[in-house]
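So you know, we letter chains A, B, ... as the sequences are listed, proteins then strands, and number each from 1.
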Number of protein chains: 2
Amino acid sequence: MEYNVYASACPTRMIFDRISDKWALLILDRLCQQPVRFNQLLREIDGISQKMLSQTLKNLERDGLIKRQAFPTVPVTVEYSITALGKTLSSTVNVLIHWAQDNGDAVLAAQVEYDGRMAS
Amino acid sequence: MEYNVYASACPTRMIFDRISDKWALLILDRLCQQPVRFNQLLREIDGISQKMLSQTLKNLERDGLIKRQAFPTVPVTVEYSITALGKTLSSTVNVLIHWAQDNGDAVLAAQVEYDGRMAS
DNA sequence: CAGCATCCAAGATGATACTG
DNA sequence: CAGTATCATCTTGGATGCTG
């Protein structure tokens, strides 16, 4: 069956909602490098709250993009790692990251030009 | 200079905030095909309100990703088209769209598995 | 036609405190 | 350490009405 990307019920749109989660992308990118524990992520992802981290990790795990593994140490240790599926998504995300790095200046310049044009 | 992607002040992060706007991506993708007028976009992008459309178009124009052109007809006609910069972004966005189309089922399956695992 | 201004409801998020 | 629960806040976005 063919889906209309612009319709709400479209599966692609559902995935776009996940993809459009800033924290999810940052976490995914971070886990792509190596498995990381909860509090370490909390420290490294600048600006994220414990609540959002917890919530985002749960979503990512539910989507099969990351894997949660708890070790029976005292106190408990939990390690989050990326899955094969998550890796493939991360690759496409990296394309966007590189675009941003390459074109950040151009966007910034456009903003300055726009603001000047509108002010007058 | 090197930026830390995880820091709030990072330019890449700023761009990510734009990219993470669902409406912006959909509009960009639509304009990539051909120039479209305001009300036509309003009809085609399912679920978007006039307010959001107006707001998103303004942001995209400010970022230099789309171009707004008004024609002095009665009543006025406004056409939005994609810029060269916007086209390059759209290309990378398309990679994501294809990923979503290819992996939607896998994500769905993961969700079902997760929900079942958590319910027990 | 192509918007802008206003009001308001709902959801997202932060801060804080508590737990196995 | 790795979370959960609760409350307060703050943003977001929809609905409506008006305008050049």
Exercise. Base, sugar-phosphate alone, or nothing: which one does A:Phe71 contact when heavy atoms must sit under 4.0 Å apart?
Worked result: nothing

Nearest whole angstrom, please: distance from the [atom2] of [N] to the [atom1] of [X].
{"X": "A:Glu79", "N": "D:dC1", "atom1": "CD", "atom2": "C1'", "value": "13 Å"}
{"X": "A:Glu44", "N": "D:dA2", "atom1": "CD", "atom2": "P", "value": "13 Å"}
{"X": "A:Asn59", "N": "C:dT13", "atom1": "CG", "atom2": "P", "value": "10 Å"}
{"X": "B:Gln55", "N": "C:dC4", "atom1": "CD", "atom2": "C1'", "value": "12 Å"}
{"X": "B:Leu53", "N": "D:dG14", "atom1": "CG", "atom2": "P", "value": "11 Å"}
{"X": "A:Arg43", "N": "D:dA2", "atom1": "CZ", "atom2": "C1'", "value": "12 Å"}
{"X": "B:Lys22", "N": "C:dA12", "atom1": "NZ", "atom2": "C1'", "value": "14 Å"}
{"X": "B:Arg37", "N": "C:dC1", "atom1": "CZ", "atom2": "P", "value": "8 Å"}

Closest to the [X] side chain: [options]?
{"X": "B:Met52", "options": "D:dA2, D:dC1, D:dG14", "answer": "D:dG14"}
{"X": "B:Gln50", "options": "D:dG3, D:dG14, D:dG17", "answer": "D:dG17"}
{"X": "A:Thr77", "options": "C:dT13, D:dA2, C:dA2", "answer": "D:dA2"}
{"X": "B:Val76", "options": "D:dA2, C:dT13, D:dG20", "answer": "D:dG20"}

Taking only N and O in the side chain of [X], is any of them less than 4.0 Å away from OP1 or OP2 of [N]?
{"X": "B:Tyr80", "N": "C:dG3", "answer": "yes"}
{"X": "A:Ser54", "N": "D:dT4", "answer": "yes"}
{"X": "A:Lys58", "N": "D:dT4", "answer": "yes"}
{"X": "A:Arg68", "N": "D:dA2", "answer": "no"}

Exercise. When rounded to the nearest 0.5 angstrom, what is the spacing between CZ in B:Arg62 and CE in A:Met118?
Worked result: 10.5 Å

For this session: For B:Lys67, look at atom NZ and say whether over 12 heavy atoms of other residues, nucleotides or ligands are found less than 6.0 Å away.
Result: no

Exercise. Going by heavy atoms in the side chains, are A:Phe38 and A:Leu57 under 4.5 Å from each other?
Worked result: yes

Exercise. Judged by atom type as modelled, is there a donor-acceptor pair below 3.5 Å linking the side chain of B:Ser54 to the main-chain atoms of B:Lys51?
Worked result: no

For this session: Between A:Lys51 and A:Leu57, just flag the one whose closest nucleotide in DNA chain D comes earlier from the 5' side.
Result: A:Leu57

For this session: State plainly whether the residues B:Glu44 and B:Arg37 are in salt-bridge range, i.e. N to O under 4.0 Å.
Result: no

Problem set entry | 5' priority, DNA chain C, between A:Pro75 and A:Trp23 [closest heavy atom] | A:Trp23

